[in-house]
**Q** 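I am attaching a structure below and will ask some questions about it afterwards.
Computed from a predicted model, the values in this text were never measured in an experiment. Along the sequence shown, the residues carry numbers beginning at 1. We use all heavy atoms of the structure for the numbers below, so side chains are in, but hydrogens, waters and symmetry mates are not.
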Amino acid sequence: MLKVGQEGFFYKYVTEQDVEIFAEVSGDKNPLHLDEEYAKGTRFHGRIAHGMIGAGFISAAIAGVLPGPGTVYLSQMLNFERPVRIGDRMTARIKVLKIERKKSFELATLETTCVNQDNEVVISGKAQVIPPGE
C-alpha cells in the first residue's frame with residue numbers, strides 16, 4: 001500500500017551507448033550531445049547527455065520501484081537544473097507527496113528528483129500517477 005513519505009530509488013551510469021541510442025530513437029541529434037568538438041565551443045565545454053535520458057531514469061523509478069509495475073503515468077513537470085555528462089552516476093528519487101481518492105481510482109502526486117554522483121540535483125519536478133491496482 002502506497003503511503004505519503006515513501007521513497008524509491010533507481011541508479012544508473014550514463015553511457016556513450018545510452019546517448020547514441022537515445023539520439024537514434026528520439027531523432028534528437030543535436031551536436032551538443034554527439035559531437036565533442038562542437039560541444040567544446042559551447043557553454044558546457046564538452047558533450048552533455050540529453051536531458052530526457054535523466055527524465056527516463058525517473059520514469060524507470062516510477063515504473064519499476066515506486067509505485068512500481070502497473071503504474072499509469074499521467075503527468076510530469078521537469079526542471080533541468082544542471083547538465084548530465086557521459087559517465088555520471090545518476091540516482092532518480094521518487095517521494096510520495098500526496099494521495100487522493102478520486103471517484104473510481106487513487107491519484108498520487110510524487111516528487112521526482114535526479115541527482116548526480118556529487119549529489120547535485122540535475123532534474124527536479126513532480127509527477128501524477130495512478131498507482132497499480134487502481
Side-chain angles (χ1 to χ4, degrees):
M1 171 155 244
L2 201 60
K3 294 184 172 106
V4 171
Q6 265 184 293
E7 292 183 328
F9 301 88
F10 175 83
Y11 309 92
K12 182 163 184 339
Y13 283 90
V14 178
T15 68
E16 174 76 32
Q17 186 178 22
D18 293 332
V19 172
E20 290 173 2
I21 290 171
F22 189 87
E24 197 57 42
V25 169
S26 68
D28 180 351
K29 296 184 179 180
N30 185 334
L32 187 57
H33 308 304
L34 302 172
D35 183 337
E36 184 64 36
E37 286 307 309
Y38 172 86
K40 281 180 183 176
T42 70
R43 65 188 302 233
F44 300 108
H45 308 290
R47 289 173 59 203
I48 61 171
H50 302 76
M52 294 307 288
I53 289 176
F57 299 157
I58 291 169
S59 179
I62 289 171
V65 180
L66 185 72
T71 299
V72 177
Y73 220 139
L74 297 177
S75 67
Q76 175 73 62
M77 186 273 302
L78 298 168
N79 297 307
F80 297 96
E81 299 188 24
R82 285 185 174 76
V84 174
R85 301 196 183 272
I86 294 167
D88 282 356
R89 181 181 188 268
M90 305 305 296
T91 301
R93 180 180 137 235
I94 307 304
K95 183 175 182 180
V96 180
L97 296 178
K98 182 166 76 170
I99 302 170
E100 302 173 72
R101 183 77 197 163
K102 296 295 184 181
K103 289 183 182 179
S104 61
F105 61 93
E106 230 175 42
L107 180 66
T109 301
L110 310 173
E111 177 182 71
T112 57
T113 309
C114 204
V115 300
N116 64 19
Q117 65 279 352
D118 298 321
N119 207 36
E120 298 171 320
V121 174
V122 296
I123 301 173
S124 64
K126 287 187 181 172
Q128 286 199 317
V129 302
I130 299 173
E134 288 298 312

**Q** Rounded to the nearest 0.5 Å, how far does NE2 of His33 lie from CD1 of Ile48?
**A**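 Reported value, rounded in 0.5 Å steps: 5.5 Å.
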
**Q** Can you list the steps and then say if Asn79 with Ile123 is a side-chain contact (heavy atoms from CB on, under 4.5 Å)?
**A** CA-CA 5 Å; Asn79 297 307; Ile123 301 173; over 6 Å; no

**Q** Taking atom CZ as the centre, does Phe44 end up with more than 12 heavy-atom neighbours from other residues, nucleotides or ligands that are less than 6.0 angstrom away?
**A**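 Yes, the 6.0 Å shell around CZ holds more than 12 heavy atoms from other groups.
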
**Q** Is there a donor-acceptor pair closer than 3.5 Å between any side-chain N or O of Thr112 and the backbone N or O of Gly125?
**A**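 Checking the backbone N and O of Gly125 against the side chain of Thr112, a donor-acceptor pair under 3.5 Å is found.
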
**Q** Holding to salt bridge (Lys or Arg N to Asp or Glu O under 4.0 Å), I want the full list of residues that pass it with Glu100, two or more places apart in sequence or in another chain.
**A**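 Here the qualifying residues are Lys98, Lys102.
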
**Q** Heavy atoms only: give me the nearest Gly87-Tyr13 pair and the separation to one decimal.
**A**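 Looking at all heavy atoms of both residues, the closest pair is O-CD2, 3.5 Å.
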
**Q** Just how far is it from atom CG of Leu2 to atom CG of Leu66, taken to the nearest 0.5 Å?
**A**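 Leu2 CG to Leu66 CG: 5.5 Å, rounded to 0.5 Å.
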
**Q** State, with a plain yes or no, whether a side-chain heavy atom of Ser124 is found less than 4.5 Å away from one of Glu81.
**A**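 In contact.
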
**Q** Would you give the length of the straight line joining atom CZ of Arg85 to atom CE of Met90, rounded to the nearest 0.5 angstrom?
**A**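 Taking CZ in Arg85 and CE in Met90, the distance rounds to 12.0 Å.
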
**Q** Would you say Phe80 ends up clustered with Ile62 if hydrophobic residues are merged whenever their side chains have heavy atoms under 4.5 Å apart, either directly or through other cluster members?
**A**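 Yes, because Ile62 and Phe80 connect within a single hydrophobic cluster, where side-chain heavy atoms sit under 4.5 Å apart.
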
**Q** Closest heavy-atom contact between Asp35 and Glu37?
**A**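 What the structure gives for the nearest pair is OD1-N, 3.0 Å.
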
**Q** Holding to salt bridge (Lys or Arg N to Asp or Glu O under 4.0 Å), I want the full list of residues that pass it with Lys95, two or more places apart in sequence or in another chain.
**A**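 Partners of Lys95 under the salt bridge (Lys or Arg N to Asp or Glu O under 4.0 Å) test: none.
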
**Q** Taking the side chain as every heavy atom from C-beta outward, state whether Ile94 and Val65 have any pair of such atoms under 4.5 Å apart.
**A**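 A side-chain contact under 4.5 Å is absent here.
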
**Q** Name all residues meeting the salt bridge (Lys or Arg N to Asp or Glu O under 4.0 Å) criterion together with Lys3; count only those two or more places apart in sequence or in a different chain, and write none if there are none.
**A**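 Counting only residues at least two positions away or on another chain, Lys3 forms no salt bridge (Lys or Arg N to Asp or Glu O under 4.0 Å).
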
**Q** Only one of Val96, Leu110, Val72, Ile99 passes side chain to side chain contact (heavy atoms under 4.5 Å, CB included) with Pro67; say which it is.
**A**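 Going through Val96, Leu110, Val72, Ile99 one by one, the side chain to side chain contact (heavy atoms under 4.5 Å, CB included) with Pro67 is satisfied by Leu110 alone.
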
**Q** Measure the spacing between CD1 of Ile130 and OG of Ser104 and express it to the nearest 0.5 Å.
**A**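 Answer rounded to 0.5 Å: 8.0 Å.
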
**Q** Please report the interatomic distance OG1(Thr109) to NZ(Lys126), rounded to the nearest 0.5 Å.
**A**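 Those atoms lie 7.5 Å apart.
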
**Q** Give a yes or no on whether Glu36 atom CD has more than 12 heavy-atom contacts from other residues, nucleotides or ligands under 6.0 Å away.
**A**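 Buried by this count: over 12 neighbours within 6.0 Å.
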
**Q** Check step by step if side-chain contact (heavy atoms from CB on, under 4.5 Å) holds for Phe105 and Leu107.
**A** CA-CA 7 Å; Phe105 61 93; Leu107 180 66; 4.2 Å; yes

**Q** Is there a path of hydrophobic side-chain contacts, each under 4.5 Å between heavy atoms, that joins Phe10 and Val129?
**A**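 As far as the 4.5 Å side-chain criterion goes, Val129 and Phe10 are connected within one cluster.
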
**Q** Donor-acceptor check, side chain of Asn116 to backbone of Asn119, threshold 3.5 angstrom: yes or no?
**A**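 Looks like yes, one N/O pair under 3.5 Å.
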
**Q** Could you tell me the separation between the CZ atom of Phe9 and the SG atom of Cys114, rounded to the nearest 0.5 Å?
**A**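 Between atom CZ of Phe9 and atom SG of Cys114 there are 12.0 Å.
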
**Q** Should Val14 and Leu34 be counted in the same cluster of Ile, Leu, Val, Met, Phe, Trp and Tyr side chains packed under 4.5 Å apart?
**A**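 They do share one cluster, since a chain of ILVMFWY contacts under 4.5 Å joins Val14 to Leu34.
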
**Q** Which atoms form the tightest heavy-atom contact between Pro83 and Val122, and what is the distance?
**A**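 Looking at all heavy atoms of both residues, the shortest contact is O-CG1, 4.0 Å.
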
**Q** How would you list, by chain and number, every residue that makes a salt bridge (Lys or Arg N to Asp or Glu O under 4.0 Å) with Glu20, sequence neighbours excluded?
**A**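 Scan of Glu20 (salt bridge (Lys or Arg N to Asp or Glu O under 4.0 Å), adjacent residues dropped) gives none.
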
**Q** Quick one: do Glu111 and Arg93 satisfy side-chain contact (heavy atoms from CB on, under 4.5 Å)? Show the steps, please.
**A** CA-CA 8 Å; Glu111 177 182 71; Arg93 180 180 137 235; 2.8 Å; yes

**Q** For Ala61 and Ala92, work out which heavy atoms get closest and say how close.
**A**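 Shortest heavy-atom separation between Ala61 and Ala92 comes out as CB-CB, 4.1 Å.
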
**Q** Is atom CE of Met77 surrounded by more than 12 heavy atoms (other residues, nucleotides or ligands) closer than 6.0 Å?
**A**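 Yes.
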
**Q** Walk me through it: do Val84 and Ile53 pass the test side-chain contact (heavy atoms from CB on, under 4.5 Å)?
**A** CA-CA 9 Å; Val84 174; Ile53 289 176; over 6 Å; no

**Q** With no hydrogens and no angle check, is any side-chain donor or acceptor of Gln117 less than 3.5 Å from a backbone partner on Arg89?
**A**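 Indeed, once roles are kept as given, a pair shorter than 3.5 Å links the two residues.
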
**Q** Does any pair with a residue in residues 47-63 pass side chain to side chain donor-acceptor pair (under 3.5 Å), and if so which ones, sequence neighbours excluded?
**A**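 Found Glu16-Arg47.
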
**Q** Taking only residues two or more places apart in sequence or in another chain, which ones pass side chain to side chain donor-acceptor pair (under 3.5 Å) with Asp18?
**A**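 So Asp18 forms a side chain to side chain donor-acceptor pair (under 3.5 Å) with Lys12, Thr15.
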
**Q** Should Met52 and Phe57 be counted in the same cluster of Ile, Leu, Val, Met, Phe, Trp and Tyr side chains packed under 4.5 Å apart?
**A**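 Per the 4.5 Å side-chain linkage, Met52 and Phe57 are co-clustered.
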
**Q** Does Tyr38, at its OH atom, have more than 12 non-hydrogen atoms belonging to other residues, nucleotides or ligands within less than 6.0 Å?
**A**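 Atom OH in Tyr38 is not crowded, with 12 or fewer foreign heavy atoms closer than 6.0 Å.
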
